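For reference, the structure is listed below as structure tokens.
Since the model is a prediction, treat every value here as computed from it, not as a measurement. So that the names make sense, note that chain A is the first sequence line, chain B the second, and so on, each numbered from 1.
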Protein chains: 4
Amino acid sequence: MNQTKNSMQKIKAFRDDRNWRQFHNEKDLAISISLESSELLELFQWKTSEEVKASKIERIKEELADVLIYSYMLADNLDFDIDDIIEEKLVKNNIKYPVNKSKGSKKKYTDFN
Amino acid sequence: MNQTKNSMQKIKAFRDDRNWRQFHNEKDLAISISLESSELLELFQWKTSEEVKASKIERIKEELADVLIYSYMLADNLDFDIDDIIEEKLVKNNIKYPVNKSKGSKKKYTDFN
Amino acid sequence: MNQTKNSMQKIKAFRDDRNWRQFHNEKDLAISISLESSELLELFQWKTSEEVKASKIERIKEELADVLIYSYMLADNLDFDIDDIIEEKLVKNNIKYPVNKSKGSKKKYTDFN
Amino acid sequence: MNQTKNSMQKIKAFRDDRNWRQFHNEKDLAISISLESSELLELFQWKTSEEVKASKIERIKEELADVLIYSYMLADNLDFDIDDIIEEKLVKNNIKYPVNKSKGSKKKYTDFN
């Protein structure tokens, strides 16, 4: 079974059961993805990764899921296939960050010689 | 085949080929997810959803993919299964937003009677 | 001279010279403040505060100024006095975070006993 | 009296009374500015500017003040003068966005001919 499509079906059913598609224009969905990613980031405010992992793993799970759920909704609005857009972007990133220039380096591609 | 796990494998291979796991502490990954979601949102700045869909569909695809790729990396760091955390969160959202209270309504759950 | 009002005058003149007030609805200004704060945060991605201060102080200055400039524009749209809203919020924060409960502590006010 | 410096003094007193300067490294302050700007943006989620102005003006005031307060704290950490960095950035923006190319136009400077 295609698990990604299975998750997408569940997200669509959740949205359709509530008749929320009408509110979900793409600009507001992009705002929502940004807000959910801030709620995820908030868990790490004033803390180290280690402190957060030790005490807030369930909260990370929930906030990361919210980022994903809104991302899937935006993809659904625009008829994007989640796995396809990931694969296409990895191909582009491979060109931007060739292994020989980026291995073990934090440099941004704009700083490559 | 499990497509989600297939995408995850490709993302892990991309990261491992560059030996980047060492830099990817969870706090910085949460920052990255937030930054990528801002790049997505930036496409909509000063515009309507319709204007953006008409002219920037490829850019939306790329920025949304970046949000997903960093989200998968964080999930990988923490041994989360993408489909499981989505499903678990939908169950919680179902309780927070019961169909009879939320159908056709933009109200936040904290504003329900 | 009131320096805050002086800065506000310069920001208003910059905006009026370009006839940009017409585009600056408050929702898009709130988006802009969020985007500029992400550009500020991006300087710190994968780095420690010390690394960034040693190499990017001019960039921090610029991005922080952008956050402030859009914040002043939103305040101008809504006829807020910058110094007044800061003072009013500090009064509220004083109540939320009384010195005896918060001194030397990172606790969020929701976690006070 | 210099009102900006007056507000800065109040913010510093608030922070020093709680002995919070020790926690306020610049990376976490940049995170805080980003999180507060998201709380501001959240007020506009799923709504038009007009709807928000009609019902949430006090909340906008508070969240915008939080963005400003953290911005002032970061400026204080780095010995930036608020009015100076605004003025310097406006000079740069004037060069990036000359009046004759940008008047009445939403174009980004990278799209100028």
Side-chain angles (χ1 to χ4, degrees), chain A residues 1-7 10-11 14 17-20 22-23 25-28 30-31 33-34 36-38 40-41 43-44 47-49 52-53 57 60-62 64-69 71-72 74-75 78 80 82-83 85-90 92-94 97 99 102-106, chain B residues 1-7 10-11 14 17-20 22-23 25-28 30-31 33-34 36-38 40-41 43-44 47-49 52-53 57 60-62 64-69 71-72 74-75 78 80 82-83 85-90 92-94 97 99 102-106:
Chain A
M1 185 185 52
N2 184 323
Q3 279 295 350
T4 316
K5 287 202 167 47
N6 191 32
S7 289
K10 286 176 185 162
I11 290 168
F14 180 87
D17 287 349
R18 283 154 190 79
N19 200 14
W20 280 353
Q22 59 179 321
F23 306 128
N25 66 81
E26 293 73 23
K27 185 169 182 166
D28 277 304
I31 290 175
I33 294 168
S34 178
E36 295 299 340
S37 72
S38 284
L40 173 63
L41 181 55
L43 302 174
F44 294 89
K47 300 204 177 68
T48 64
S49 294
V52 180
K53 283 191 283 182
I57 204 79
I60 300 176
K61 216 178 261 189
E62 289 180 6
L64 181 59
D66 278 335
V67 172
L68 289 163
I69 289 168
S71 296
Y72 275 55
L74 179 57
L78 299 170
F80 295 163
I82 294 287
D83 296 297
I85 66 171
I86 289 175
E87 171 141 19
E88 285 168 33
K89 191 54 169 59
L90 288 175
K92 285 177 186 166
N93 288 352
N94 251 310
Y97 289 94
V99 172
S102 53
K103 191 162 186 173
S105 157
K106 285 192 282 188
Chain B
M1 186 183 52
N2 184 322
Q3 280 295 350
T4 316
K5 286 200 169 49
N6 192 31
S7 289
K10 286 176 186 162
I11 290 168
F14 179 87
D17 287 348
R18 283 154 190 78
N19 200 14
W20 280 353
Q22 58 179 322
F23 307 128
N25 67 80
E26 293 73 22
K27 184 169 183 167
D28 278 303
I31 291 175
I33 294 168
S34 179
E36 295 300 341
S37 73
S38 285
L40 174 64
L41 181 55
L43 302 174
F44 294 89
K47 301 206 174 68
T48 65
S49 294
V52 180
K53 282 192 284 183
I57 204 81
I60 300 177
K61 216 177 262 188
E62 289 181 5
L64 181 59
D66 278 335
V67 172
L68 290 164
I69 289 168
S71 296
Y72 275 55
L74 179 57
L78 299 169
F80 294 164
I82 294 287
D83 296 296
I85 66 171
I86 288 175
E87 171 140 20
E88 285 168 32
K89 191 54 171 57
L90 287 174
K92 285 177 186 166
N93 288 353
N94 251 310
Y97 289 95
V99 172
S102 53
K103 191 163 186 172
S105 156
K106 285 192 282 188

Between [X] and chain A, with a heavy-atom cut-off of 4.5 Å, which part of the residue counts as in contact: side chain, backbone, both or neither?
{"X": "B:Gln22", "answer": "side chain"}
{"X": "B:Glu88", "answer": "side chain"}
{"X": "B:Glu87", "answer": "side chain"}
{"X": "B:Lys47", "answer": "backbone"}
{"X": "B:Val67", "answer": "side chain"}

I need the minimum non-hydrogen distance between [X] and [Y], along with the two atoms involved.
{"X": "A:Ser34", "Y": "B:Ser38", "answer": "OG-OG, 4.4 Å"}
{"X": "A:Lys10", "Y": "B:Leu90", "answer": "CB-CD1, 3.7 Å"}
{"X": "B:Asn93", "Y": "A:Ile69", "answer": "ND2-CD1, 4.2 Å"}

Item to check | A:Ile33 portion near chain B, given a 4.5 angstrom heavy-atom threshold | outcome: both

Checklist entry - Which bit of A:Ile85 is near chain B, if near means a heavy-atom gap under 4.5 Å: side chain, backbone, both or neither? => result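 Both parts, backbone and side chain.
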
Item to check | Residue, of B:Ile11, B:Asn19, B:Leu68, that accumulates the most heavy atom pairs under 4.5 Å with chain A | outcome: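 Maximum pair count with chain A is reached by B:Leu68.
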
Item to check | NZ/A:Lys106: more than 12 non-hydrogen atoms of other groups inside 6.0 Å | outcome: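 Count over threshold, so yes.
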
Checklist entry - Could you give the distance from OG (A:Ser37) to CG (B:Leu74), rounded to the nearest 0.5 Å? => result 11.5 Å

Checklist entry - What distance separates A:Asp66 CG from B:Lys89 NZ, expressed to the nearest 0.5 Å? => result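 NZ of B:Lys89 is found 3.5 Å from CG of A:Asp66.
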
If you count heavy-atom pairs under 4.5 Å between each of [options] and chain B, which one has the most?
{"options": "A:Ile60, A:Leu64, A:Thr48", "value": "A:Leu64"}
{"options": "A:Leu43, A:Ile31, A:Asn94, A:Asp28", "value": "A:Asn94"}
{"options": "A:Phe44, A:Tyr97, A:Tyr72", "value": "A:Phe44"}

Next on the checklist: Tell me if a side-chain donor or acceptor on A:Ser49 pairs with a main-chain N or O of B:Lys27 at a distance below 3.5 Å.
Outcome noted: yes

Next on the checklist: Do B:Gln3 and A:Gln3 have side chains that approach each other closer than 4.5 Å (heavy atoms only, starting at C-beta)?
Outcome noted: no

